[in-house]
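Only one structure is covered here, and it is reproduced in the block below.
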Amino acid sequence: MQLYQTKNYEEMSKKAAGIISAQVILKPDSVLGLATGSTPLGIYENLIDGYKNGDIDFTQVKTVNLDEYKGLGSENKQSYRHFMNSNLFDHVNINKENTNVPNGLEENIEFECDRYDNVLNDLAGVDLQLLGIGNNGHIGFNEPADSFTKGTHYEALAQSTIDANSRLFEECEVMPTSAYTMGIKTIMDAKTVLLVANGKGKAKAIKEALTGPITPKVPASILQMHKNLIVVADEEALSELNNNK
Ligand code: PGA
């Protein structure tokens with residue numbers, strides 16, 4: 001594992017964006033696994049700047065996102081497809097046809113999970129998977145469970161996730177309580193995993209994920225087994241880990 005400690009969120013975002021840029025510069029047709037949530041927003045801003053400065057070219061890049069709320073489509077501003085379009089894809093020279101997010105509007109769970117796994121198979125492997133981490137140690141929407149998941153599946157969200165994410169929904173909006181998510185095995189199959197975290201709220205999850213027992217009760221703990229894990233986290237997110245030394 002390569003661990004980068006940064007002073008704050010801005011530095012975390014810059015460092016992680018630099019790693020993604022390096023990936024794309026070295027392999028212009030990279031398959032990037034992307035994440036949503038508040039953590040990657042600064043990374044995407046840096047990538048957009050990199051594109052505008054002429055440092056990064058997305059024309060050959062393909063992307064595959066971790067997850068999508070069940071019941072939300074691209075028109076809904078809370079959907080992860082909408083998030084990706086408005087926070088990254090609309091601002092860089094990526095071909096939208098090369099971007100993939102599970103279809104939250106697909107009612108047939110088996111169909112959608114198979115379809116997304118086929119998309120992943122056709123891409124022949126994710127080069128770099130960007131991951132945030134939930135307060136409860138989830139990655140994607142793989143919630144604490146009795147066993148590790150494999151491929152794309154339907155997941156009922158944990159109450160802690162609903163509590164954490166409901167802050168992003170307005171009063172008049174109904175937050176979905178389930179999602180489609182990439183499985184743990186698919187995440188582990190990525191050639192490089194880039195885990196990012198900031199803030200005190202993530203300190204316990206980061207400590208458990210990186211130094212605790214490997215258990216599906218803390219889904220991110222499986223990342224200890226990944227042969228090319230890069231962690232970029234700020235001082236606050238690493239505070240419990242550092243106390244542990
Ligand atoms: P956040 O979510 O970036 O909004 O904190 C991370 C996650 O739940 O994976």
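Model, not experiment: these values are computed from the prediction.
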| message | Do the side chains of Glu208 and Lys204 get close enough for a salt bridge, i.e. N-O under 4.0 angstrom? | response | yes
| said: Quick check on Asp146: does its CG atom have over 12 non-hydrogen neighbours (other residues, nucleotides or ligands) under 6.0 Å away? | reply: no
Contacts table for residues 18-28: side-chain donor-acceptor under 3.5 angstrom, sequence neighbours left out:
residue, atom, partner, partner atom, Å
Ser21, OG, Ala17, O, 2.7
Gln23, NE2, Ser30, OG, 2.8
Lys27, NZ, Asp127, OD1, 3.3
Lys27, NZ, Asp127, OD2, 2.9

| said: I'd like to check the salt bridge (Lys or Arg N to Asp or Glu O under 4.0 Å) partners of Asp55; sequence neighbours left out, ordered by chain and number. | reply: none
| request: Identify which one of Gln5, Lys207, Glu235 satisfies the side chain to side chain donor-acceptor pair (under 3.5 Å) criterion when paired with Asn242. | output: Gln5
| said: I'd like to check the ring-ring contact (aromatic ring centres under 6.0 Å, His included) partners of Phe169; sequence neighbours left out, ordered by chain and number. | reply: Tyr69
| Do His91 and Phe58 come within less than 4.5 Å of each other through their side chains, counting heavy atoms only? | no
| message | For Lys96, is the NZ atom crowded, meaning more than 12 foreign heavy atoms sit under 6.0 Å from it? | response | yes
| said: Met188 vs Lys185, test: side chain to side chain contact (heavy atoms under 4.5 Å, CB included). Steps then yes/no. | reply: CA-CA 5 Å; Met188 288 297 284; Lys185 181 177 182 302; 5.5 Å; no
| field | Backbone N/O of Asn103 and side chain of Glu68: donor-acceptor pair under 3.5 Å | value | no
| query | Strictly by modelled atom types, are Glu112 and Asn108 linked by a side-chain donor-acceptor pair under 3.5 Å? | reply | no
| message | Looking at Tyr9 and Thr39, would you say the former's side chain and the latter's main chain have a donor-acceptor pair under 3.5 Å? | response | yes
| said: Could you tell me if the side chain of Leu223 sits less than 4.5 Å from the side chain of Val193, heavy atoms only? | reply: yes
| task | Please lay out, stage by stage, how Val101 and Tyr180 fare under the test side chain to side chain contact (heavy atoms under 4.5 Å, CB included). | result | CA-CA 9 Å; Val101 181; Tyr180 289 117; over 6 Å; no
